[in-house]
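Along the sequence shown, the residues carry numbers beginning at 1.
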Amino acid sequence: MRAAARQRHTTGPPMRWRAVVLLLGAVLTLGGCQTDGSDGQERTDYTPVPDDELFSQVAALPGVKRADVSFNDTWPEHTYLGEVDISPDADAQQVLDTVYAVLRQGRFDVGINVVGYQANREVRLEALPRSGGPAELEKRYGPQPGRGTPPGDGSDGQERTDYTPVPDETLFSAIRALPGVERADLSYNDTWPAHSYLATITLSPDADAQLVLDTVYAKLWQGRLGADITLEAQQGGQVVRLDAFGGQPSSRAALKKRYGPQPGDGTPPGDG
């Protein structure tokens with residue numbers, strides 16, 4: 001069963017790829033990467049540890065008897081996936097925590113889903129009870145790449161216990177009150193791998209659509225740590241998009257590039 005599960009992540013029939021292509025086409029109307037040189041942080045300085053090196057490090061960890069780890073590049077997962085067999089006398093939670101911390105040094109802003117097996121019993125990392133999505137990983141291990149060691153053991157991993165997001169309802173009220181916003185349907189999707197604010201906005205005909213959309217993104221960036229933002233907007237019956245995002249999905253990486261580290265001040269870059 002475990003072997004079959006691994007195969008499912010590495011191969012797929014043509015029908016799955018056609019579905020992925022259709023899904024990618026559907027999201028091209030959403031926001032994406034920055035091209036206008038805002039004052040947000042660009043991660044051009046980030047060099048991930050190569051996958052093969054990471055996988056070798058995981059296999060060599062104390063307490064790891066066997067490791068089968070790979071990277072799934074199928075959107076929307078973009079996740080390190082794997083299984084590790086843990087020695088009977090090892091601290092399973094410490095081993096898994098270290099595995100996650102090591103993989104965190106890899107590709108930027110991806111998920112991690114590793115299952116441990118100890119004495120024929122499945123073990124999950126208790127510190128991440130809900131998921132190993134990028135938002136949860138950043139909360140536990142801090143900004144990438146870290147040092148490959150779990151927080152609390154002398155490493156500099158940052159759990160961001162100092163971060164207090166603006167409550168959802170406060171954000172939503174502020175967006176509905178923005179000049180130029182006629183209607184705003186807002187919610188938060190907490191189902192991994194989405195973890196996304198969802199916004200459908202109707203703009204008044206005389207509004208500066210680019211300024212309003214940029215401000216909506218900036219406001220929502222003050223919310224939950226590492227959440228995506230999915231925004232659809234119309235003005236005069238026409239779909240409008242934020243030009244600064246060039247028609248690509250507004251991933252966490254793209255949001256960081258434009259608005260800088262969270263939480264920001266809720267205003268778009270470059271408007272004073």
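Listed by chain and number, the residues in a salt bridge (charged side-chain N to carboxylate O under 4.0 Å, His left out) with D168 are R224 (sequence neighbours excluded). For the salt bridge (charged side-chain N to carboxylate O under 4.0 Å, His left out) test, no residue two or more places apart in sequence or in another chain qualifies with R176.
Contact annotation: the side chain of F172 approaches that of Y197 to within less than 4.5 Å [non-hydrogen atoms, C-beta and beyond]. R140 places none of its side-chain heavy atoms less than 4.5 Å from the side chain of R104. Residues L198 and L186 fail the side-chain proximity criterion, which asks for heavy atoms closer than 4.5 Å. Between I201 and I175, the closest side-chain pair of non-hydrogen atoms falls below 4.5 Å. In this structure the side chain of I86 reaches within 4.5 angstrom of the side chain of L96, judged on heavy atoms. E182 is listed as a side-chain neighbour of P205, based on a closest heavy-atom distance under 4.5 Å. At a threshold of 4.5 Å between non-hydrogen side-chain atoms, the residues Q105 and L54 count as touching.
To the nearest 0.5 angstrom, N189 atom CG is 8.5 Å from T230 atom OG1. Interatomic distance, L103 CG to L137 CG, rounded to the nearest 0.5 Å: 9.5 Å. Note that CG of L178 is 6.0 Å distant from OG1 of T215, once rounded to the nearest 0.5 Å.
Ring orientation note: the planes of Y100 and Y141 are close to parallel, at an angle under 30° on the 30°/60° scale.
When only modelled atom types and interatomic distance are considered, Y80 and N72 share no side-chain donor-acceptor pair under 3.5 Å. Side-chain contact of D73 with H78: a donor-acceptor pair under 3.5 Å is present, judged by distance alone. Residues Y259 and D214 bring a donor and an acceptor atom of their side chains to less than 3.5 Å of each other.
Formation of a donor-acceptor pair under 3.5 Å by the S56 side chain with backbone atoms of D52 is found in this model. Judged purely by atom type and a 3.5 angstrom limit, Q210 uses its side chain to pair as donor or acceptor with the backbone of D243. With W221 contributing its side chain and G260 its backbone, the two residues share a donor-acceptor pair below 3.5 Å. The main-chain N or O of E126 is found under 3.5 Å from a side-chain atom of Q93 such that the two form a donor-acceptor pair. The main-chain N or O of S87 is found under 3.5 Å from a side-chain atom of Q118 such that the two form a donor-acceptor pair.
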Inset, instruction - Quick one: do I112 and E136 satisfy side chain to side chain contact (heavy atoms under 4.5 Å, CB included)? Show the steps, please. - result: CA-CA 10 Å; I112 301 174; E136 288 73 22; over 6 Å; no
Inset, instruction - Evaluate the criterion side chain to side chain contact (heavy atoms under 4.5 Å, CB included) for residue pair L81 and V114; output intermediate values, then yes/no. - result: CA-CA 6 Å; L81 300 169; V114 176; over 6 Å; no
Inset, instruction - For side chain to side chain contact (heavy atoms under 4.5 Å, CB included), just list the numbers for R258 and Y217, CA-CA rounded to whole Å, side-chain angles, deciding distance to a tenth of an Å, and then say yes or no. - result: CA-CA 10 Å; R258 179 151 185 82; Y217 276 106; over 6 Å; no
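The number of heavy-atom neighbours closer than 6.0 Å to CD of E122, taken from other residues, nucleotides and ligands shown, is above 12.
For D85 and R66, the salt-bridge test passes: some basic side-chain N is under 4.0 Å from an acidic carboxylate O. Look at E232 and R241 and you find no salt bridge, because none of the NZ, NE, NH1 or NH2 atoms lies under 4.0 Å from a carboxylate O.
For the pair R107 and F71, the cation sits on the ring face: its NZ or CZ lies under 6.0 Å from the ring centre, inside 45° of the axis.
When each of L203, L211, L231 is tested with V216 by the rule side-chain contact (heavy atoms from CB on, under 4.5 Å), just one qualifies, namely L231.
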